[in-house]
Amino acid sequence: MSGLIDLSASQAAAAIKRGEVDPGALFDLYRQRAATDSLNAYTWVAEQAPKAPPQPSLGGVPLAVKDLFCTEGVPSQSGSRILEGYRPPYTATVVERLAQAGAPLLGKTNQDEFAMGSSNENSAFGPVLNPWDRARVPGGSSGGSAAAVAAGLAPWAIGTDTGGSIRQPAALCGIVGLKPTYGAVSRYGMIAFASSLDQAGPLTRDVSDAALLLSHMVGERDPLDATSLDFPEPIAMPSRRTLAGIRLGVPSELTGEGIEPGVLGAFQATLELARQLGATVESCALPHAPHALAAYYVLAPAECSSNLARFDGVRYGYRAADPDDLLSMYERTRHDGFGVEVRRRVMLGTYVLSSGYYEAYYGRAQRVRTKIAADFAAAFERFDFVVMPTSPCVAFELGSKLADPYAMYLNDFLSVPASLAGIPALSIPNGLASPPGGGTPLPVGFQLAGPAFSESQMLDVAFALEQALGFDGRAVRS
Amino acid sequence: MIDRDTVLHVARLARLELTDGEVERMVGELGGVLEHIETIAQLDLDGVPPTTHVVEVANALREDEPRASLSRQQALAGAPAVADEGFAVPSPQA
Amino acid sequence: MTPDFEPVIGLEIHVQLKTRTKMFCGCELSFGAPPNTLTCPVCLGLPGALPVANARAIHFALMIGLALGCELADHSVFHRKNYFYPDLPKGYQISQYDEPLCRGGELAGVRLHRVHLEEDAAKLIHLGASGRIHGSEQSVVDFNRGGTPLVEIVTEPELRSPEQAREWLTLLRATLRSLAVSDVNMEEGSLRADANVSLRAAGSSELGTKTELKNMNSFRFLERGIAAEIARQRVTLEAGGSIEQETLHFDPVSGEITSLRSKEEAQDYRYFPEPDLVPIATTVAMLRAAREAIVELPRARAERFEDEYGLSVDSAHLLAFRFELANYFEKVVAVREGIDGQQIANWLTQLVARIGDQDPAQSKVTPEAMAQLVELISARAVSAPAGREVLDVLVREGGDPASVVEQRGLGALHDEDGALEAIVGQAIAADPAAVQRVRGGNDKAIGALVGAVMRETRGRADGADVTRLIREQLGI
Ligand SMILES: [Zn+2]
């Protein structure tokens, strides 16, 4: 049955439709692989295929779902001890929609606790290993989803991206990851990290799979999410072979300093390839992009400090044993229930919102956000897409960045600007590069960011690049 | 720029117990992160409006129509402590 | 010399809106439902759940804003007010902060500061000593009430006495009742009032330090609580002390005022714009709908009472500013055509003196009985004092006035059958001293004789008749 593994999700869906593949057999194959996962990519795996016959659209190709999506009766802990034993009484809108479309739940994937992290080392379930090198991180926070797809433990997966949590692990694992336009995918049932930034998206083997999965995640707005939006048109399946007429802008602020030479080299090579395919490639300016990381690390922790206030040991999840009184119940439950990084961000967020600091931090960060969105808007007057590497580095060694929180935060500096602007951004694998100091070559990601709702065109451009790049991830799927 | 007392005050606001060692570490780590964050203080942002929502949408209301509620059993299913058909907590008045 | 102090009072009022469902989810509002049966992921604050604002709650809030003459914002925003408490499922309350739905406004000369929308907290029930876990007392949370839409109305500190505060709140209540946006019942908690109280030297424009008196759950307690707090502050200030800014609780049973939250550190609510909700843009259509939904406000109703029933200005206001009383009045008037409205108004004052804040429609006196009583009095078949006695019986036992009069022999005594004349004769004979004084030109002394006749007839005689008969018999 090894042939089945080689089918991409959209190929499998098509084969099921043609009657060549039995969806039950496909589910069992992936269930088996997921259940014997040695990457710690899964936190829960379905025991059997769903009883209902698969819907024609996606044919029954099973889906790996990041732990933070609520799934009725199935553990949903957002990688946190504080939700130990929690099984929600409802299912997230996007998971429900995908199941309806014929992508049943295969399992829940490991992640950084409450989606806070860039290495998947902040999980109550322990770190996820990168299938390209098990001594290295898969990236985060959707590390489990990325590793599962890369290693063929799932045909495809969904994750969430707040400041890069889909794109960065996709880059580090050599797969495709897309953060849609903010509001395009319902957030209802996604355990929140930072509400104004969180967005669900696909992690897939290739661009076509991303388009197919995304096409069933967006559509009519969800009445249960006030910030969700109608997607203006159906997602088109990508088919473009050239980049004639496509204008790519290269922001000097995000393509120079602080990026590993191997990553920059791969990036330059891809720009050259784009030119060969007919694109115009010119430099552009995002003058406020260097401040995006600072603004992000004010806004996201501030929102998280409030979003995580509900984890108080009263209604669900973990409660510290034998509290002396109400205050100690709160304080001990939240100390013991949250991991180190979550505590750090809750503290940071509480501080920047506290009396006397709001305007200096939160207010200013919101204004920086306005500037960054304006920078992108100006760039899109001249360019169809802005391109840059997804991550400044290839997968790094487990534990190597845990000592210095800011060193870890720096991983996000290329992905955060698009997040703040709420625009779609996508990462495709564009080659392998050796880490500094040498070693096994590891995947590198190439990032495109476009105007709101430009997903179809972006996927189309990515498809043309993908075909020309010919990235091969089969080595880690065996 | 951020001292022990501030960390303790913020931890109380956030209802987080911290050991002495954790307080020390937090002083250093938060201080370090804030140092980087404070670069935005140098930007000229006069007259720039704040962005709360990247999408320009208003209202997005729901009609006043009932939806099914959870049963009490469902509501209490995950509760760490239950008493008298409700969620039990140490009394705030104790 | 101690300066004379003047009270400065502001009210902060919370009104539960009478929508079908909660502010941010589709759970129905609870009217005594069993605990924790009206909850959902949103109002339990389950992970991943998101709020969506109730259109009717915003409609009701706009109606209130219009009725109170507020300036309605065309752009308004929800904020999160962050604090921990077991009755607050998300660790924050969704409320409004610096961009409320309505600002300003005025009711009966008292200016309003703002009117905004928010969600109610759940109910926390203290189990007391019986429910002990690990030696500490337990409380239990019922989330049925959590998320009920609330409108908060904040006045400027322009009220000057406990009585005025009570009257003003009564008028506000009538206004809200006439809008049919809330039950506005203080005992049931759909109307809750906190009062800010301070004293300042009379004539000064500077405000003194204020205290906040929490959750007084009846009009009477509100008045008494404020009066008690004014007295407390006066004593403190006159003794040269100073007032501490704090939150207080008034115990209506003991009359005592105690400090709340004394242990609590200073609150820091860390308000920020609620990212899960989008702004409210008040559209022309929303405004029109709100305007059209307003039927008749108390002031208009009072004017109509003057025009339609010939009520005096005072009577019209007295009735119209108390919603249930006005409704009752209209029911009594409707019993019979041509009935004297002013007379009814006068007798309703008598009724109120007997039943207090109770809704007269809930009393034992039916509108029909009330109308009949007024007719009996107008026809002089029952004297005014006897009428009051009949009313006492009606309030206690119900029934119809004619039977009460019949059974208790309270019908007016006229002199047709000579009975009254005989009683007058007896009274004159029994009090020669009074007779002498009357004859001596002391006209006031006649009162003693009239009083004696009234006592004898148990008030059934007509005062004018009695005076006439006395004069006749004394030949003066
Ligand atoms: Zn609800």
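These numbers come from the heavy atoms of this one structure, side chains and all, not from hydrogens, waters or symmetry mates. In what follows, chains carry the letters A, B, and so on, assigned in the order in which the sequence lines appear, proteins first and then strands, with residues in each chain numbered from 1.
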Practice task
Quick one: sort the Tyr330(A) and Phe84(C) rings into parallel, tilted or perpendicular, breaks at 30° and 60°.
Solution key: tilted
Exercise for the section: Show your reasoning for whether side-chain contact (heavy atoms from CB on, under 4.5 Å) applies to Val278(C) and Thr227(A). Expected result: CA-CA 6 Å; Val278(C) 296; Thr227(A) 62; 4.3 Å; yes
Handout entry: Residue selection (most heavy-atom pairs with chain A, distance under 4.5 Å) from Pro89(C), Gly91(C), Ala53(C)
Key = Pro89(C)
Problem - Which atoms of Phe69(A) approach chain C - backbone, side chain, both or neither, heavy atom under 4.5 Å - result: neither
Completion exercise
Looking only at Gly45(C), Ala49(C), Cys40(C), Gly48(C), most heavy-atom pairs under 4.5 Å shared with chain A are made by Gly48(C)
Practice task
Let me know if Tyr357(A) has heavy atoms under 4.5 Å from chain C in its side chain, its backbone, both or neither.
Solution key: neither
Handout entry: Residue pair Tyr316(A) / Leu44(C), side-chain heavy-atom distance below 4.5 Å
Key = no
Handout entry: Pair Ser306(A), Asn82(C): side-chain N/O donor-acceptor within cut-off below 3.5 Å
Key = yes
Exercise for the section: State, yes or no, whether a side-chain contact exists between Ser355(A) and Tyr269(C) at a heavy-atom distance under 4.5 Å. Expected result: no
Problem - Flag side-chain contact, heavy atom, 4.5 Å: Arg80(C) against Asn307(A) - result: yes
Exercise for the section: Identify which part of Leu327(A) has an atom lying under 4.5 Å from any heavy atom of chain C, answering side chain, backbone, both or neither. Expected result: neither
Handout entry: Asp276(C) and Ser195(A): side chain donor to acceptor below 3.5 Å
Key = yes
Exercise for the section: Side-chain contact test, heavy atoms from C-beta onward, threshold under 4.5 Å: evaluate it for Pro47(C) versus Met190(A) and give yes or no. Expected result: no
Exercise for the section: Would you confirm whether the ring centroid of Tyr358(A) sits within less than 6.0 angstrom of the ring centroid of Phe272(C)? Expected result: no
Exercise for the section: State, yes or no, whether a side-chain contact exists between Val52(C) and Pro223(A) at a heavy-atom distance under 4.5 Å. Expected result: no
